[in-house]
Amino acid sequence: QVRLVESGGGSVQAGGSLRLSCVASGYQFAIQFMGWFRQTPGEEREAIAVMNRAAGGTYYADSVKGRFTISRGYQASTAVLELNNLKPDDTAVYYCAATDRPSYGARWPKVEEYPYWGQGTQVTVSS
């Protein structure tokens, strides 16, 4: 079992920055994919930045490319998301998720294929 705890959300003005952290505990050594997702009311949860911890590589949604950066953080069991040049459309609840399945072939895991989720942290961007 893996437990994920997020921190770092908050309210900023457009153009501002935030830093989100996700710390894994439990069987964190088994994590293969770890990433960040977001959801707004009435919308489906979407993947915005994911890293393949075993094989390397990162995925970014088109909407955040060039503005958000995912990294391991100081500890290997941590996933950090740097959010820069924030826009009002970035307002959402941000979730950290992880999966211990080693491979999905040539694709990234689908949202529903992540078994471990954090509690979410609110990010609000005002214009």
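Keep in mind it's a predicted model, so treat the numbers as computed, not measured.
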Tyr59 side chain reached by Ile70 side chain, heavy atoms, under 4.5 Å: no
Quick check: is Phe68 connected to Leu20 through a chain of hydrophobic side chains (ILVMFWY, heavy atoms under 4.5 Å apart)? yes
Which atom names give the shortest non-hydrogen contact between Ser103 and Gly105, and what distance separates them? OG-N, 3.1 Å
Got a salt bridge between Lys87 and Asp90, using NZ or NE/NH1/NH2 to carboxylate O under 4.0 Å? no
Interatomic spacing from CG in Leu86 to CZ in Arg67 - rounded to 0.5 Å: 6.5 Å
Do you know which two heavy atoms are closest between Ala24 and Leu4, and how far apart they sit? CB-CD2, 3.6 Å
Common cluster, Val23/Tyr114, ILVMFWY with side-chain heavy-atom separation under 4.5 Å: no
Selection residues 73-127 - residue pairs positive for disulfide (SG to SG under 2.5 Å), sequence neighbours left out: Cys22-Cys96
Return the CD to OG1 distance between Gln32 and Thr99, rounded to the nearest 0.5 Å. 8.0 Å
State, to 0.1 Å, how close Met34 and Ser77 come at their nearest heavy-atom pair, and which atoms those are. CE-O, 3.8 Å
So, Glu113 side chain and Val111 main chain: donor-acceptor pair closer than 3.5 Å or not? no
Out of curiosity, does Tyr60 fall in the hydrophobic cluster containing Met51 (side-chain heavy atoms, cut-off under 4.5 Å, transitive links)? yes
Give the table of side-chain donor-acceptor pairs shorter than 3.5 Å for residues 120-127, with sequence neighbours excluded, one pair per line with atom names and distance.
residue: Thr121; atom: OG1; partner: Gly9; partner atom: N; Å: 3.2
residue: Gln122; atom: NE2; partner: Ala92; partner atom: O; Å: 3.4
residue: Gln122; atom: NE2; partner: Thr124; partner atom: OG1; Å: 3.3
residue: Ser126; atom: OG; partner: Val12; partner atom: O; Å: 3.4

If you take all heavy atoms of Pro88 and Ala14, which pair is closest and at what distance? CD-CB, 4.1 Å
Would you confirm whether Gln119, through its side chain, and Glu6, through its main-chain N or O, come within 3.5 Å as a donor-acceptor pair? yes
Do Trp36 and Leu18 sit in the same hydrophobic cluster, where Ile, Leu, Val, Met, Phe, Trp and Tyr count as joined when their side-chain heavy atoms come under 4.5 Å apart? yes
Note: Ser21 and Val80 closest approach over all heavy atoms is OG-CG2, 4.0 Å
Sequence-distant partners of Ser25, side chain to side chain contact (heavy atoms under 4.5 Å, CB included), two or more places apart: Arg3
Closest non-hydrogen atom pair between Leu83 and Leu81, with its separation: CD1-O, 3.2 Å
Can you hop from Val2 to Trp117 via hydrophobic side chains spaced under 4.5 Å? no
With sequence neighbours left out, which residue pairs that include part of residues 88-107 fulfil the ring-ring contact (aromatic ring centres under 6.0 Å, His included) condition? Phe33-Tyr104
Check whether any side-chain heavy atom of Tyr27 lies under 4.5 Å from a side-chain heavy atom of Asp100, and answer yes or no. no
Listing request: all side chain to side chain donor-acceptor pair (under 3.5 Å) pairs with a residue in residues 44-57, at least two apart in sequence or in separate chains. Arg38-Glu46, Gln39-Arg45
Selection residues 26-84 - residue pairs positive for disulfide (SG to SG under 2.5 Å), sequence neighbours left out: none
